[in-house]
Protein chains: 2
Amino acid sequence: MTDFLAQRDSWSTANCSIARTLDVVGNRTTLLLLREASFGTRRFDDFARRVGVSEPVAAARLKQLVADGLLDRRPYREPGQRTRDEYVLTAKGRDLLPVLAALREWGDTYAVEEPSVRLAHHDCGAAVHVALRCAAGHDVPADQVELLPGPGLLPS
Amino acid sequence: MTDFLAQRDSWSTANCSIARTLDVVGNRTTLLLLREASFGTRRFDDFARRVGVSEPVAAARLKQLVADGLLDRRPYREPGQRTRDEYVLTAKGRDLLPVLAALREWGDTYAVEEPSVRLAHHDCGAAVHVALRCAAGHDVPADQVELLPGPGLLPS
DNA sequence: CGGCTGACTTAGGAAAACAAAAGCCAGCTA
DNA sequence: TAGCTGGCTTTTGTTTTCCTAAGTCAGCCG
């Protein structure tokens, strides 16, 4: 096969999956809100305070996350309280957890001394890591990942 | 064990690994430059054109990536040409590939019809995916990931 | 030795993101 | 029915990020 990477200019990244994903979660605040959602945070002011952003920013980003289908906004009611809205991860939002896990793992290695949160396998208690693996079940080190043209490749 | 997530306000995310990582790669352009680097792009104007940013932005981001140790800038010389500088991923930069792979995989599922690039295992040709797995070797589905306090946890 | 090309830097300005402060509204609670 | 609280929205102003356009500089090439 011809090495399509060597002709990088012959194909465009107009519909690159990474770029499209970054259209949705390409800003810091959005990813930190998802981090909080993964911690179980549900209420508006908890999101704003824990992420450390102002209310207008939290409101705008949460609204966008709901519009993009990553969070579900739904009413709930604690006994003796009025109805409130909570934000919870959808399946689409939960599928971003590997991104958060990968960011966390890099930060644990290169950006902090001691991690403040660990991921463990609920069943066996062992530490959880992000791994690349192939459909045949092999662990794939980074230098054994080959990039190949996919069906959606566009000429540039 | 007490559920530390239930007391989310009792600990801070001041040294959160995710936040620290986003300090480095928390913007779209930076991640797209790393994508290009993973495609093998090395030259300044190729980065700028392929990522679709202006030269000043490319220069600033590449400089920051070099300062942060994700890219190495080094002189090279093609025969008959003058000396130029190229940017190549360092080990620290390569360790962000799981982040890119996770972003790509989410985009393949939710944001594009057909992926334009596939990842394959060089040895066996099978498709490569990002997976969560525990130290005991189990595949860990997202709902079996448990969050536990780590040694670097700070009171808020 | 003067032009060209690659790799930037500088200057100027528009757009987006963000913060602080204040206002609004619904629905308990007194 | 008059607060009070949670969940926002509005306003105003600053900072950051990005753009275009133009300028700089080094060194090979004729």
Side-chain angles (χ1 to χ4, degrees), chain A residues 8-9 13-14 19 22-37 40-68 70-88, chain B residues 8-9 13-14 16 18-20 22-37 40-68 71-88:
Chain A
R8 171 65 184 81
D9 281 320
T13 41
L22 292 175
D23 290 343
V24 179
V25 297
N27 84 18
R28 178 186 174 82
T29 303
T30 299
L31 283 165
L32 293 180
L33 286 169
L34 290 171
R35 177 200 69 189
E36 281 309 317
T41 296
R42 298 183 172 202
R43 284 169 49 170
F44 176 81
D45 62 343
D46 286 338
F47 277 111
R49 184 170 28 78
R50 292 168 180 173
V51 167
V53 295
S54 62
E55 292 176 347
V57 172
R61 293 281 160 274
L62 286 170
K63 186 174 288 186
Q64 189 61 48
L65 283 166
V66 170
D68 289 335
L70 305 189
L71 293 180
D72 201 10
R73 177 183 180 170
R74 56 194 195 199
Y76 75 105
R77 176 172 224 152
E78 287 176 10
Q81 297 287 312
R82 60 183 254 226
T83 303
R84 307 199 184 292
D85 285 332
E86 63 177 1
Y87 299 86
V88 294
Chain B
R8 173 62 185 85
D9 281 319
T13 42
C16 168
I18 295 176
R20 292 293 78 71
L22 292 176
D23 291 342
V24 179
V25 297
N27 86 17
R28 179 186 173 83
T29 303
T30 299
L31 283 165
L32 293 180
L33 286 169
L34 290 171
R35 178 200 68 190
E36 282 308 318
T41 296
R42 298 185 173 200
R43 284 170 47 170
F44 176 81
D45 62 343
D46 286 338
F47 277 111
R49 184 169 28 79
R50 291 168 181 174
V51 168
V53 295
S54 63
E55 292 177 349
V57 172
R61 293 281 161 272
L62 286 171
K63 185 174 290 188
Q64 190 61 50
L65 282 166
V66 170
D68 289 335
L71 293 180
D72 200 10
R73 177 182 180 170
R74 56 192 195 199
Y76 75 105
R77 177 173 223 151
E78 287 175 9
Q81 297 286 314
R82 60 184 253 228
T83 302
R84 307 201 185 290
D85 284 332
E86 63 177 1
Y87 299 87
V88 294

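Only a predicted model underlies this, so the values are computations on that prediction, with no experimental measurement involved. Residue numbers start from 1 in every chain, and the chains themselves are labelled A, B, ... in the order their sequence lines are given, proteins ahead of strands.
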Between T29(A) and dA17(C), does any side-chain N or O lie under 4.0 Å from OP1 or OP2? no

For R42(A), does the CZ atom have more than 12 heavy-atom neighbours from other residues, nucleotides or ligands under 6.0 Å away? no

Given [options], which nucleotide is nearest the side-chain atoms of [X]?
X	options	answer
A59(B)	dT9(C), dG7(D), dC19(D)	dT9(C)
R84(A)	dG6(D), dC8(C), dT9(D)	dG6(D)
K63(B)	dC8(D), dC18(C), dT9(C)	dT9(C)
E55(A)	dC18(D), dA22(C), dA17(C)	dA22(C)
R73(B)	dG7(D), dA7(C), dT20(D)	dA7(C)
R43(A)	dT9(D), dG7(D), dC8(C)	dG7(D)
D45(A)	dC8(D), dA7(C), dG7(D)	dG7(D)
P56(B)	dC18(D), dA11(C), dC8(D)	dA11(C)

Just how far, in rounded Å, is [atom2] of [N] from [atom1] of [X]?
X	N	atom1	atom2	value
R28(A)	dA16(C)	CZ	P	21 Å
L31(A)	dA17(C)	CG	C1'	15 Å
R50(B)	dA7(C)	CZ	P	12 Å
F47(A)	dG6(D)	CZ	P	16 Å
N27(B)	dA15(C)	CG	C1'	16 Å
L32(A)	dC18(C)	CG	P	10 Å
R49(B)	dT20(D)	CZ	C1'	18 Å
F44(B)	dA26(D)	CZ	P	17 Å

Under 3.5 Å donor-acceptor, R49(B) side chain and S54(B) backbone: no

Distance-only polar pair, side chains of T41(A) and R8(B), donor-acceptor under 3.5 Å: no

For A19(A) and R28(B), work out which heavy atoms get closest and say how close. O-NH1, 3.3 Å

Residue pair Q64(A) / T30(A), side-chain heavy-atom distance below 4.5 Å: no

So R61(A) and N27(A), do their side chains get closer than 4.5 Å, heavy atoms only? yes

Quick one: pull up CD in E36(A) and CD1 in I18(B) and give me the separation to the nearest 0.5 Å. 9.5 Å

Worked check of side chain to side chain contact (heavy atoms under 4.5 Å, CB included) between F44(B) and D85(B): CA-CA 8 Å; F44(B) 176 81; D85(B) 284 332; over 6 Å; no

For the helix from dC1(C)-dG30(D) to dA30(C)-dT1(D), what is the angle between the axes at its two ends, each from 5 pairs, rounded to 10°? 0°

At 4.0 Å (heavy atoms only), tell me whether Y87(A) reaches a base, stays on the sugar-phosphate, or touches nothing. sugar-phosphate

